[in-house]
Amino acid sequence: MSDPGRSPLRRPWALVKTSLQVILEGLRTFFWEGLKEGLIDLRPLSHVLRLVTIVGLLLVFAFLGSILFGNFLRTHNTIEPLVYESSQSRGLLVPSAAVPLTLVAIVLAWSYLLAGALHVQRAARWAILVIYAFFGLLSLMMGTLSGSGPASPFDLTVIGGVYAGVLVLVITAFILLPHRKLPVALEFILMLSLNTALVVINLLQNTAVQLNTGFPHTTNQITTMADDTFMFIVPSLLFMGLEMANFGFDVAGWAVQAIRRYTQEWIAALLLIVFLGYRLFHLAGSLLSTGISAGQWRAWAGGLILLAGLVLIFLWRQRQKTRGGWPSQGFVFVLILGLTLFQILAAMLSSSASTFFLLNASRPGAVDNLGQLSDLAADVSRAGDWLSRLSNLYREYLFLITAGVGLVIAGVALHRHRATITAFGLVLAWSQGLEWLTEPGRPLEALHYEYADVDVLLLLALTAFTLFKIVPRLVQRKAPVSEGHTPDQSGSAPAAGPTLYVLGLALLGAILTQTSFLDNPFSPFFEFAGVFFLVFGILWNVLTAGGRFANTSTPAFPRASRLLLYVGYILLSVTITHWFIVSHNAYAQMLQSDISAQGFRRYGLVLAYLAFVEAGRPLLGESEPTEEQALPDQQQLIS
Amino acid sequence: MENAPSIPNRKPGRLDSWWGALLVLMALLGSAAGTIGLWWRVAPQQPSPLERYWPTSSGVSLLYRVSNPDGTSHYLSRNVENVPGQDILNMLDGSGFLALMTALGVDLDQFDPNSAQQALLAGEYARIVETEYLLDGTFVTATTVLLVEPTSVSVLQLGSVAFDPPQPLLDSTMREGSVQVLTGLINSSIPYTATIELEGQEELVTPAGPFEDCLRVRHSIVVPGYQADDRTWYCAGIGIARMESSSTTSPGTKAYELASVSAPGQVRAFAPPAALPISQEWGEHAQLQRDYPQTQVDGLEARWSYQENRFNSGITTPPLPVAGLLLYGTQNGGLVALDLAQREILWRFQTGSTIYGAPVVADGLVFVTSSDRHVYALDLSTGAFRWAFETQDAIPGSPAATGELVYVGSEDGTIYALHRRNGEVCWRFAAGGPIASTPVVAGRLLYVASDDGALYALDAETGTPRWAFASDGPITAPPAIAGDALYVGSQDKTLYALDTRTRHKEGEVLWKFYAREEILNEPIFSEGTIYLALYRDIYALDAASGEKRWHYASETQLYGTPLRLGHRILIRRNSDVLALDARTGSEIEAIPTGSSSAYAGLSSDGQVLFVSYFDGRLELFVVNRGAP
């Protein structure tokens, strides 16, 4: 707005100053406040909970730093060969300092998880105990048994006795303690002591064997443990991939909400045109320099098929009167967990079969019955082979299975008049079904596309919409956009103009595709390409976990339990990830990055497409999830 | 569905306040301290003040210029190896064994095998192998076995001479000017008197450069009719950097000056002498396992197997047959040169850690990489150390040698081009991730793949990047090059055929083949066909188009890169080597190998197949006449 009292020469400066003020105020109000809201709030917590949370998060950040600068540990330490994990294609080594760090972190992580499980809803509590028995206790036991031999100080009876004793004590604690409100300090110390006892016997065994034989048992057994625990952290890796999309939602949401509050619609439209123009210019420049290959045309054709399906869902959605609740984080997490449950169970069975064999091989007199032992080994091998094939088959058809689950979700939600969730199910089914069809080796493999290809099409669609719908509308009617309006987080805010919706979607699309700088081998960031999704996902998850999970409390999941469970699970995930990264285990790293990328592709992009189907309203907080709007069984699913 | 258990309300107590936090903090610290404390028993330890001057860790290699009293000079190579208790008895003769038992305090009159074994296993030992080039073109080797005790290092056996008690070299309890005198028996019969005097601490200048922290020690040994006097400079992190030696049997003083060194954290190179021909054989404690009877069966036939009788000696590299020798690396860091005619070890060189890359031979020099971060250049004839170069991380792949340069990719993410003569860096290039794959040179370009998923084409002479291709997964297998095409498999499950004439910054794809499994092995090219082995499948693809020619699905897991032998494709499995018809992919035979094999290699004439095993065994198969 003009100020008649000021010199015309000072107007540009005043405009810049005002713009800066608006930007800073917007950043403060939305970005900073939003971020603060997402952080875990330690203030209302007891001293004990504060301490354990801080210790856990410090370890998480330390591991993240080491992941990003993993070579520091390797170049400043002795590196020890990982004999079991090395193969013909690659010899693996790990920095010696990572060994005690990993053991300490594993003990802590399981202690957090067990202490956190004590006061949660019963089914969840026992599920965590079963998971601990298979992935925590059993993997430590496998590590201890791997050192069995003439040089080992403990025989099977002692090792079995200690592990069985700890399991009995944990079960007893899980029966008794939920009904007795002991101080958190005592509960945590109890779990920590039990897990420390397991690691102590593990180390006593393996260090003694190492000292006697010279073989690096202590280091090598951790790889066995990391491999055994890997399946348990898969849901978290998928979730970390999803965080990239969440980041896009948050940032795009904060930006458009700031614009809605502090600027007028014509400024928003100008920003939109400039932004789309910039991206189109960049795209045209890139295409002119490299040309368009036949493969690129085919990829765009594949993207167009996806878009066609999304447009149909969009048109159906526009005809629905109800707004519906946005799929909550809990709902998505349960979906992820549900779809990986089969593979987790297969890993648990495989792990227990191996332990069963090791136990038999370690028992006295086993050498005298080598024939039986050999038969047992063959049986265990066959069972493991069968499980592995089944698991691979499941993985091969996971896109189709996910598409099927999407259809079921859509059906149930439609039956219960939840339009947004129905749309989510349809988008999930369509996008995953098409992913399966266009995968290499499938019928439509020639049309295989990436998000970057879809992004180009979305960019063109948004530009067309801006030119043919928004610009004429603004030319005809220069109405301000609810100036001074404060957005309502509950979702009852009046609808904002289409300019903001389109701007939000344009921003979201651009953020989700901003990984191209990682794909250039001559880029200084190329080094981080492999771990980018993972580290960014974990970091963003930790920064925003409070608002989503850990700052709330329900009778089924009290706040203290949420905190301990969250910190324990993240710490365990980061510890295992870190082990594979510092040992330069390219295969495991590839698997981890792949899983994170799958999380982004399979769930994050589905939510992004849903935002397009919902015409960008969720970015303005107009379709926030509420208890009532969520899927009817959502709470039950979370429980 | 039950909600959370009902918990009686409880007033916050002391344990909910700072007291509780303090208690938890103590428990956390206790748990961490207990874990770290137990691990510390096997943690790599800082060297003691004595070990600073005497690095006895495996892989320390030194090259000396020896100045003779008559003004001539020649070279001596020294390689240090840590020896576990399990192996020490293999390195001692009867007198050495008796001397060791006495040194360990084992009562031979009331010999208890268990306590003797425990004492043996608890001891620390080192072996030094010296190869001395003589002026007449021959060379001699000598082996010294050391007993490493907490405060001293002493010679247990020197060649066939055993010292009882061991002859002291250094003692950390000594101070400047102090003298120790020790008497004992050589080979249980000849009396000896050894004197050791710590003369002082000083800086030393050698051809390999100056060393600031050195101890000057005088040794003398007197036996009836003979006396030897040495003055030795032990430098921190190196060991012996200079020695002046004189004896009653050879007049004048012989001086040994350090020319090249490779020790943990320190590498200094010096132009080494020219390679010398093989003129002497050197055996070692190893045994021929089995000599198979010859038959008239056509096809591959097992002839003999061989196993080095040492602890942790599993073979970890493909065997390389060259000049009548078979070179292979082992888990315990040894590079073994097996004489194929004599079926015994000709020489053995110790590196500091496991060797995962096959050695490479060029112009009489062997280049071998090790997980101890070094690449070593050795004399092919003798295994004598010539120079070494240290990178920041382990080197899992093989080096590549061409012209005057040797190329090495390290896990530190850098490819180094080194001068073949002295190991000096010519250029280096930083990739975006660790390099585990072996670099390949073709024409003027060097191709190297990295865990960052990229394949880089660099100018082989300058290291200037020409183009790069980014796949979606780490590349650990080396590429194969045929004509203008380069074939590389990625862990993104795709085999790419790239145009080596690419002019753009981004590599141009000729075709790609989606394998549905991570590609970990190198593809091989033969007669217009690319053969690719996966976890259980082998594919034969048309090299020009990538079209599948045949596919073989195995019941059991396949290992390593396939080999082309005549019209056969050979690939290792759990307990056999599978032979397929290269034209059709049909199974010809499965040659039983007994247990899970590790690697396989072919002789240059394609008539001998070497199969190595994780237990250190090596098996030789010969193609009989009439084999396809």
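Sequence lines set the chain letters: A, B, ... in the order given, protein chains first and strands last, and positions in each chain run from 1. Treat the numbers as computed from the prediction; the structure is a model and nothing was measured.
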Chain B contact via A/E396 - which portion, at a heavy-atom distance below 4.5 Å: side chain

Among A/T219, A/L101, A/V99, residue most engaged with chain B (heavy-atom pairs, under 4.5 Å): A/V99

Heavy-atom closest pair, residues B/S353 and A/P81: OG-CG, 4.0 Å

Residues that B/D393 engages under salt bridge (Lys or Arg N to Asp or Glu O under 4.0 Å), provided they are two or more places apart: A/R74

Evaluation steps, side chain to side chain contact (heavy atoms under 4.5 Å, CB included), between A/L204 and B/R41: CA-CA 10 Å; A/L204 282 172; B/R41 294 166 27 157; 4.0 Å; yes

Least distance between heavy atoms, A/L51 atom then B/A21 atom: CD2-O, 3.2 Å

Among the listed options B/Q118, B/K512, B/Q392, the residue most often paired with chain A at heavy-atom distances under 4.5 Å: B/Q392

Most chain B-contacting option - heavy-atom pairs closer than 4.5 Å, from A/S193, A/S46, A/S561, A/A586: A/A586

Most contacts with chain B, counted as non-hydrogen pairs under 4.5 angstrom, among A/L192, A/L92, A/N195: A/L192

Contact leader toward chain A among B/G473, B/S371, B/P396, B/P84, where contacts are heavy-atom pairs under 4.5 Å: B/S371

Atom pair NE2/CG of A/H584 and B/D412 - distance to nearest 0.5 Å: 9.0 Å

Contact winner vs chain B - A/T218, A/V199, A/V107, heavy-atom pairs under 4.5 Å: A/T218

Region of A/V200 that comes under 4.5 Å of a non-hydrogen atom in chain B: both

Pick from A/L93, A/L103, A/N202 with the largest number of heavy-atom pairs that fall under 4.5 Å of chain B: A/L93

Chain A contact via B/N82 - which portion, at a heavy-atom distance below 4.5 Å: neither

Atom pair OH/CD of B/Y514 and A/E439 - distance to nearest 0.5 Å: 5.5 Å

Closest contact, heavy atoms only, B/A32 versus A/V104: CA-CG2, 4.0 Å

side-chain hydrogen bond (donor to acceptor under 3.5 Å, both in side chains) partners for A/R50, two or more places apart: none

Largest heavy-atom contact set with chain A, pairs under 4.5 Å, which of B/L25, B/T354, B/L28: B/L28

Spatial distance of atom CE (B/M26) from atom CD1 (A/I189) [nearest 0.5 Å]: 9.0 Å

Side-chain heavy atoms of A/P100 within contact of B/W40, under 4.5 Å: no

Chain A contact via B/A394 - which portion, at a heavy-atom distance below 4.5 Å: both

Greatest number of heavy atom pairs closer than 4.5 Å to chain A - which of B/Q331, B/E522, B/E411: B/E411

Contacting moiety of A/I79, where chain B heavy atoms sit under 4.5 Å: both

Shortest non-hydrogen contact from B/Q491 toward A/Y587: OE1-CA, 3.3 Å

Atom group of A/N77 that falls short of 4.5 Å from chain B, counting heavy atoms: backbone

Contact summary for A/V48 and B/G20, nearest pair of heavy atoms: CG2-C, 3.5 Å

From CA spacing to verdict: side chain to side chain contact (heavy atoms under 4.5 Å, CB included), A/T207, B/W39: CA-CA 7 Å; A/T207 53; B/W39 168 78; 5.5 Å; no

